[in-house]
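Here's the structure, in structure tokens; my notes come after.
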Amino acid sequence: AINKVLCTRLRLSNFTTPDAFVERLHNAKNILVLTGAGVSTSLGIPDFRSSEGFYSKIRHLGLDDPQDVFNYDIFIQDPSVFYNIAHLVLPPENIFSPLHGFIKMLQDKGKLLRNYTQNIDNLESYAGIDSEKVVQCHGSFATASCTTCHWKLPGDKIFENIRRLELPLCPYCYMKRKEFFPNNSVAPSYDNGISEDTPTSLNTPLKSHGVLKPDITFFGEALPSKFHKTIREDILKCDLLVCIGTSLKVAPVSEIVNMVPSHVPQILINRDPVKHAEFDVNLLGYCDDVATLIAQKCSWDIPHERWNKLK
Ligand code: APR
């Protein structure tokens, strides 16, 4: 009965069925979970490349490539390209999806090796997934840094500026910037930055001089060092790779599927097929539905407030 019901909701690919995944799940002890924007869309957070995705919403900006809003070189030339849209990607608080709950369930069962997430919404933390078990491959809004002197501060200190479409300015560099841009009257004041040492280096008076940027990984920036520290060992240690809610379009995260040893089974849980990658198990459908089906077949409970309605 479950299969029949969920087949109407899940367009199961003709290669595999959930049972193939359930069997692998029971045997796995070191699952590497790779997630993308699709795991948060049921919360109303758009993904990037779907027809209703974020990039389609900013098409009106007339950028050659909508990804330019997250391009580091463009930010340095003109930070307003990002700050005109940053309010649209500010992370929500205290919510997580059944799929986030599913990952937490894997952690509780001692099966989660690591969750490599491409998302910057930090929702894994609200689901209770240990920070040690999460690698935010594309950074997050948790902190922000000055693009000139690299002074760091809690990310939420600039949320008000972001909501007011204002450039958040570094207090240390501001004074220097005032010489370059005298009509900039607003002197920023951040009371509790993270690093106390007063930075010295000052670059040329670019528009981005002394502008603070959330520590999300822009195109053209290196991924957080934690990614490089853990990925090599995790690739060799994992006994199952599960990719969820991602188009696998952005390297180096998209290359993980090619780095995992060939004997390690690879599972895709996604609304749309990912044509450029080969999976042993393809479960095409909404990830919350797939997670529900799998948990039911394993007689496991997903730690999520809607679990009793979902199952
Ligand atoms: N259930 C399952 N899959 C879903 C759901 C859902 N509810 N909603 C969307 N998807 C799938 C889509 O079919 C798509 O394949 O999630 C995928 C989202 O793909 P993208 O929008 O490309 O997002 P993502 O893969 O996370 O993008 C990677 O690109 O722009 C950069 O830094 C940004 O981290 C992001 C990176």
Side-chain angles (χ1 to χ4, degrees), residues 6 9-13 18 21 33-59 61 63 65-72 74-75 81-82 85-86 88-89 91 95-103 115-124 134-141 213-224 227 242-257 267-277 279 281-294 302 304 306 310:
L6 278 146
R9 276 193 285 168
L10 297 177
R11 285 179 291 113
L12 293 177
S13 62
F21 179 33
V33 178
L34 192 171
T35 46
V39 305
S40 302
T41 52
S42 64
L43 301 168
I45 302 172
D47 64 14
F48 289 94
R49 294 175 181 80
S50 293
S51 51
E52 300 294 308
F54 176 71
Y55 289 144
S56 70
K57 291 185 190 318
I58 61 168
R59 216 165 281 296
L61 295 179
L63 295 167
D65 176 354
Q67 294 180 137
D68 286 350
V69 294
F70 297 120
N71 180 297
Y72 187 74
I74 291 174
F75 183 90
V81 173
F82 168 70
I85 57 89
L88 301 173
V89 291
I95 55 170
F96 61 93
S97 68
L99 197 283
H100 291 113
F102 178 79
I103 300 171
N115 174 197
Y116 285 82
T117 182
Q118 300 170 90
N119 300 340
I120 55 177
D121 54 27
N122 202 27
L123 299 187
E124 296 82 10
V134 179
V135 174
Q136 293 172 314
C137 307
H138 294 164
S140 83
F141 279 94
K213 173 186 153 303
D215 289 336
I216 57 180
T217 308
F218 274 36
F219 290 103
E221 279 192 293
L223 269 60
F227 175 84
V242 187
C243 296
I244 313 174
T246 178
S247 61
L248 287 173
K249 286 252 171 74
V250 177
V253 173
S254 58
E255 284 156 12
I256 292 176
V257 294
I267 320 285
L268 175 72
I269 299 175
N270 210 54
R271 191 190 57 210
D272 299 313
V274 174
K275 296 198 173 59
H276 56 279
F279 290 93
V281 177
N282 288 276
L283 296 176
L284 301 185
Y286 293 114
C287 56
D288 292 345
D289 290 346
V290 177
T292 300
L293 170 67
I294 300 300
I302 291 181
H304 188 275
R306 288 198 357 246
L310 281 166

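Everything numeric in this text was worked out from a predicted model, so none of it was measured. Numbering of ligands and ligand atoms starts at 1, following listing order. For the single chain, residues carry numbers from 1 onward in sequence order.
- The proximity of V250 to ligand 1, defined as any non-hydrogen pair under 4.0 Å, is limited to the side chain.
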Show the numbers, then the answer: is there a side-chain hydrogen bond (donor to acceptor under 3.5 Å, both in side chains) between D121 and S40?
-> CA-CA 9 Å; D121 54 27; S40 302; 2.8 Å; yes
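- The closest non-hydrogen atom to atom 9 (C) of ligand 1, taken over T35, I244, D47, comes from D47.
- For the pair K213 and F82, the cation-pi criterion (under 6.0 Å, within 45° of the ring axis) is not fulfilled.
- The protein heavy atom nearest to atom 28 (C) of ligand 1 is Q118 OE1, 3.3 Å.
- Shortest non-hydrogen contact noted between F54 and I85 is CZ-CD1, 3.8 Å.
- The nearest pair of heavy atoms linking G101 to F96 is N-CD1, 4.0 Å.
- Residue contacts with ligand 1 for R271 involve both N, CA, C or O and side-chain atoms from C-beta outward (heavy atoms, distance under 4.0 Å).
- The shortest N or O to N or O distance between D272 and ligand 1 is below 3.5 Å.
- Any N or O atom pair closer than 3.5 Å counts here, and Y286 shares no such pair with ligand 1.
- Note on ligand 1: H138 sits in its first shell, one or more heavy atoms being nearer than 4.0 Å.
- Of all protein heavy atoms, the one closest to atom 25 (O) of ligand 1 is T246 OG1, 2.7 Å.
- Nearest protein neighbour of atom 6 (C) of ligand 1, counting heavy atoms only, is G38 O, 3.4 Å.
- Using a 4.0 Å cutoff on heavy atoms, Y55 counts as a contact of ligand 1.
- Closest to atom 20 (P) of ligand 1 among all protein heavy atoms lies S247 OG, 3.6 Å.
- Of the protein's non-hydrogen atoms, the one nearest atom 14 (C) of ligand 1 is N270 ND2, 3.9 Å.
- No donor-acceptor contact under 3.5 angstrom links the side chains of R271 and T41, judged on distance only.
- Under a 4.0 Å criterion applied to the non-hydrogen atoms of G36, ligand 1 contributes the atoms 26 (O).
- Nearest heavy-atom pair, V250 versus F219, reported as atom, atom and distance to 0.1 Å: CG1-CE2, 4.0 Å.
- Here the protein heavy atom with the shortest distance to atom 27 (O) of ligand 1 is R49 NH1, 3.0 Å.
- Between the side chains of N115 and T35, at least one donor N or O lies within less than 3.5 Å of an accepting N or O.
- With hydrogens left out, the protein atom closest to atom 35 (C) of ligand 1 is F48 CE1, 3.6 Å, a heavy atom.
- Per-residue contacts place G285 under 4.0 angstrom from the following atoms of ligand 1 (heavy atoms of the residue considered): 1 (N), 2 (C).
- Between T41 and ligand 1, at least one pair of N/O atoms sits closer than 3.5 Å.
- For S50 (side chain) and E52 (main-chain N/O), no donor-acceptor pair under 3.5 Å exists by modelled atom type.
- A tilted orientation is assigned to the rings of Y55 and F48, their planes being inclined by 30° to 60°.
- Shortest non-hydrogen contact noted between L123 and I95 is CD2-O, 3.4 Å.
- Within the 4.5 Å cutoff, side-chain heavy atoms of L248 are placed close to those of L34.
- Protein heavy atom nearest atom 26 (O) of ligand 1, with residue, atom name and distance: A37 N, 2.8 Å.
- Taking 4.0 Å as the cut-off, G245 counts as a neighbour of ligand 1 on heavy-atom distance.
- In terms of N/O distances under 3.5 Å, ligand 1 is approached by C287.
- Using bins of under 30°, 30° to 60° and over 60° for the plane-to-plane angle, the ring pair F102/F21 lands in the tilted bin.
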